[in-house]
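These notes concern the structure reproduced below.
Everything numeric in this text was worked out from a predicted model, so none of it was measured.
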Amino acid sequence: ANGIPSPAVISLPSPLSLHSFSYPLVCKPRYGAGSQATFLVQDDEGLARSVLQARDEGWSSELILQPYIPGLPVSVALLSGAGQLIPLPAVQQHLSTEGRFHYRGGQLPLVEDLDRRARRLAVWAAHAVKELHGYFGVDLVLGEAADGSADAVIEINPRLTTSYVGLRRLAQFNLAETLLAIATGTPTPPLQWGIKPIVFRADGSFLS
């Protein structure tokens, strides 16, 4: 409704014809986290296998289908409170490549143009959801078009995300203190960031 680019969704079993979408597609739970029961599917046979495997993995709730969006998976954390909405540096997500999208950690900072595109789209998405407050993250994909026309928002996570560990190390200030200040409407210090590359694993440990 707000014109924000995001992949369309149909439910399984679908009231619409699957032929309204073309493969590849992503099959995942409507209510899930951490890429659980999530599959890249290339054809009808693969879709049927994915649904059966999701059930075998314990998912009995609703599954959805979305068109697969190729590009760079990125997350942007935002701090919100007292009329402020501050996007933090974008973080590249490391995902498994076998078609299950398992989260392996991430790295930052991104190059300037990608960081700018990611923050702009994340802020746009956040403005569309009323009453977001505190710390939350926007997952998105940066497409191959340099002008950002192929970028898309995947979801908003209303909670602390794993990228916090990388952002905390990149920050040259107390990130938790700043979050509390913004949430309560008290003055905040300047947000100064380092430039040294940081790579972290999904368990919060660092590779660099």
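- Ring planes of Phe101 and Tyr68: tilted class, angle from 30 to 60°.
- Here the shortest heavy-atom pairing between Ala8 and Phe21 reads CB-CZ, 3.7 Å.
- Side-chain contact between Phe173 and Leu175 is present, with at least one heavy-atom pair separated by less than 4.5 Å.
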For a side-chain contact (heavy atoms from CB on, under 4.5 Å) check, start with the C-alpha distance between Leu79 and Thr178, then their side-chain angles and the critical distance, and finish with the verdict.
CA-CA 9 Å; Leu79 307 181; Thr178 300; 4.2 Å; yes

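- Put simply, the side chain of Ser11 reaches to within 4.5 Å of the side chain of Arg30, judged on heavy atoms.
- Put simply, Val76 and Leu85 are part of the same group of oily side chains (I, L, V, M, F, W, Y) that touch within less than 4.5 Å, one to the next.
- We find the CD-CG distance between Gln172 and Leu191 to be 11.0 Å, quoted to the nearest 0.5 Å.
- Residues passing the side chain to side chain contact (heavy atoms under 4.5 Å, CB included) test with Ser75, sequence neighbours excluded: Val91, Gln93, Asp139, Ser163.
- Cluster annotation: Ile182 is connected to Leu167 through the hydrophobic network of ILVMFWY side chains, with a link wherever side-chain heavy atoms come within less than 4.5 Å.
- Distance check: Leu52 CG to Glu57 CD gives 11.5 Å after rounding to the nearest 0.5 Å.
- In this structure Asp147 satisfies the side-chain hydrogen bond (donor to acceptor under 3.5 Å, both in side chains) test together with Ser149, sequence neighbours excluded.
- Across all non-hydrogen atoms, the minimal contact from Pro87 to Val123 is CG-CG2, 3.7 Å.
- Side-chain atoms of Leu65 and Val9, non-hydrogen and from C-beta on, never get closer than 4.5 Å to each other.
- Listed by first then second residue, pairs satisfying ring-ring contact (aromatic ring centres under 6.0 Å, His included) with a partner in residues 121-147 read Tyr135-Tyr164, not counting sequence neighbours.
- For Asp203, the side chain to side chain contact (heavy atoms under 4.5 Å, CB included) partners two or more places apart in sequence, or in a different chain, are Arg201, Ser205.
- Put simply, CG on Leu179 and OG1 on Thr188 are 11.5 Å apart, with the number rounded to the nearest 0.5 Å.
- Looking only at side-chain heavy atoms (C-beta outward), Phe39 and Val51 stay at 4.5 Å or farther from each other.
- To the nearest 0.5 Å, the span separating SG on Cys27 from CD on Gln66 amounts to 10.0 Å.
- No more than 12 heavy atoms of other residues, nucleotides or ligands lie within 6.0 Å of CD in Glu144, so this atom counts as exposed by the packing criterion.
- Of all the heavy atoms in Val141 and Pro70, the pair that sits closest is CG1-O, 3.5 Å.
- Note on Ile154: it does not cluster hydrophobically with Val74, by side-chain heavy-atom contacts below 4.5 Å among ILVMFWY residues.
- Contact of the Leu47 side chain with the Arg49 side chain is not registered, since no non-hydrogen atoms from C-beta on lie closer than 4.5 Å.
- Evaluation of the side chain to side chain contact (heavy atoms under 4.5 Å, CB included) rule for Val153 yields Ile4, Leu121, Ala125, Val138 as partners, not counting sequence neighbours.
- Across Pro7 and Ala152, no two heavy atoms sit closer than the pair CD-CB, 4.3 Å.
- Looking at heavy atoms from C-beta onward, Gln92 lies out of side-chain contact with Leu108 at the 4.5 angstrom threshold.
- A donor-acceptor pair under 3.5 Å links the side-chain atoms of Ser80 to the main chain of Leu132, judged by distance alone.
- Under the side chain to side chain contact (heavy atoms under 4.5 Å, CB included) criterion, Ser96 pairs with Glu98, Arg100, His102, Arg104, not counting sequence neighbours.
- The shortest heavy-atom contact between Ala37 and Pro29 is O-CD, 3.3 Å.
- Between Leu170 and Leu88, the closest side-chain pair of non-hydrogen atoms is not below 4.5 Å.
- Checked for salt-bridge contact, Asp115 and Arg119 meet the test: a charged N lies under 4.0 Å from a carboxylate O.
- Contact annotation: the side chain of Leu72 approaches that of Leu114 to within less than 4.5 Å [non-hydrogen atoms, C-beta and beyond].
- Side-chain contact check for Lys28 and Gln36: no donor-acceptor pair (N or O, by modelled atom type) lies under 3.5 Å.
- In this structure, the side chain of Arg169 does not engage the main chain of Val199 through any donor-acceptor pair within 3.5 Å.
- In this structure, Ala54 and Leu63 approach most closely via the heavy-atom pair CB-CD1, 4.1 Å.
- Criterion: ILVMFWY side-chain heavy atoms under 4.5 Å apart, direct or through other members. Under it, Ile69 and Ile156 are not part of a common hydrophobic cluster.
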